[in-house]
> 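This is the structure I have questions about; it appears just below.
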Amino acid sequence: MGARRPPAPGSAELAAIYTELDALYANASCLNSTRCCQLRRYGHVPLVFEVEGRRAIAGVMRRGGRLPLEGEIGDCPLLLRSGACSVYADRPFGCRTFYCADATLPDGPRRAEVQALAMQLRALAERLGDSDLRPLTNVLDDAFDDDGKAKFSKARRRTT
Ligand code: SF4
């Protein structure tokens with residue numbers, strides 16, 4: 001049996017931040033309009049730190065190493081035809097914040113707590129030495145080719 005790979009740097013801290021963030025939005029309702037994932041149409045792209053990009057890529061690698069590319073042109077490459085996110089458990093901070101006007105937040109937007117978690121995430125990225133925010137789509141372009149297939153050496157390097 002092969003040796004178990006050590007977890008990627010910062011992965012436990014990132015998981016803890018995501019867990020706290022999800023708890024803040026536990027009562028949010030989403031209409032599944034997928035507006036947040038129709039990047040070109042609505043003029044936004046999630047910005048991610050490298051540690052987040054690494055986790056999203058690891059999510060793709062676990063489901064076969066290929067981007068689904070099932071949305072319309074300009075949609076997030078991780079969007080499935082069904083409207084679901086193919087890396088839901090590994091989606092970045094921004095995608096977890098229900099910023100879309102279609103969503104309702106019964107408890108109100110808990111800005112201070114979300115901001116505090118965003119600062120924790122930045123501090124983690126700084127500690128890891130990669131605190132530049134990059135568009136998620138650029139991160140995916142670096143790791144996957146035009147057909148959505150992993151550029152193996154690069155993707156592997158970024159997820160280990
Ligand atoms: S990562 Fe997932 S939730 Fe975020 S924009 Fe892409 S498909 Fe949507």
Side-chain angles (χ1 to χ4, degrees), residues 8 10-106 109-111 113-115 117-118 120-122 124-125 128 130-151 154-156 158-160:
S11 59
E13 295 96 322
L14 180 63
I17 291 169
Y18 282 174
T19 298
E20 277 194 54
L21 184 61
D22 290 350
L24 289 178
Y25 287 97
N27 294 323
S29 78
C30 167
L31 298 180
N32 288 329
S33 66
T34 72
R35 264 175 69 152
C36 60
C37 312
Q38 296 176 46
L39 309 182
R40 187 180 298 169
R41 182 157 179 216
Y42 291 103
H44 56 236
V45 178
L47 297 177
V48 299
F49 292 110
E50 185 166 338
V51 64
E52 295 187 278
R54 228 172 15 231
R55 176 160 166 170
I57 291 168
V60 178
M61 299 310 283
R62 276 198 305 278
R63 58 187 307 280
R66 192 181 269 274
L67 297 173
L69 300 175
E70 292 180 7
E72 304 290 324
I73 291 171
D75 289 354
C76 178
L78 297 170
L79 185 63
L80 296 172
R81 191 169 296 111
S82 65
C85 172
S86 61
V87 295
Y88 189 78
D90 300 300
R91 70 200 190 288
F93 191 101
C95 301
R96 294 170 190 258
T97 58
F98 292 86
Y99 56 84
C100 162
D102 291 345
T104 55
L105 307 172
R110 298 168 68 174
R111 288 187 205 289
E113 289 136 297
V114 173
Q115 189 61 26
L117 287 171
Q120 271 186 45
L121 176 56
R122 174 170 286 283
L124 170 63
L128 293 169
D130 46 34
S131 58
D132 288 345
L133 276 168
R134 297 180 67 212
L136 174 64
T137 41
N138 292 16
V139 172
L140 296 175
D141 282 348
D142 283 351
F144 301 94
D145 66 20
D146 290 347
D147 296 325
K149 209 165 156 221
K151 299 172 186 173
K154 203 178 262 184
R156 207 169 270 155
R158 282 165 179 265
T159 55
T160 54

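Heavy-atom basis, side chains included; hydrogens, waters and symmetry copies ignored. Residue numbers count from 1 along this sequence. Whatever order the structure lists ligands and atoms in, that order sets their numbers, starting from 1.
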> Report, in ascending order of atom number, the atoms of ligand 1 lying under 4.0 Å from any heavy atom of Leu79.
7 (S)
> Could you tell me which non-hydrogen atom of Val114 sits nearest to which non-hydrogen atom of Phe93, and how far apart they are?
O-CZ, 3.7 Å
> Any side-chain to backbone donor/acceptor pair from Arg55 onto Ala89? Under 3.5 Å, distance only.
yes
> For atom 6 (Fe) of ligand 1, does an N/O/S atom of Cys76 lie at less than 2.8 Å?
yes
> Can Asp145 and Lys151 be counted as an ion pair, charged N to O under 4.0 angstrom?
no
> Going from CZ on Arg62 to CD1 on Ile57, what distance comes out if it is rounded to the nearest 0.5 angstrom?
12.0 Å
> What do you reckon, is OH of Tyr88 surrounded by more than 12 foreign heavy atoms closer than 6.0 Å?
no
> Hey, which atoms in ligand 1 end up nearer than 4.0 Å to a heavy atom of Cys95?
1 (S), 3 (S), 4 (Fe), 5 (S)
> Using 2.8 Å as the threshold, say whether any N, O or S atom from Cys37 sits that close to atom 2 (Fe) of ligand 1.
no
> What protein heavy atom is closest to atom 2 (Fe) of ligand 1, reported as residue, atom name and distance in Å?
Cys85 SG, 2.3 Å
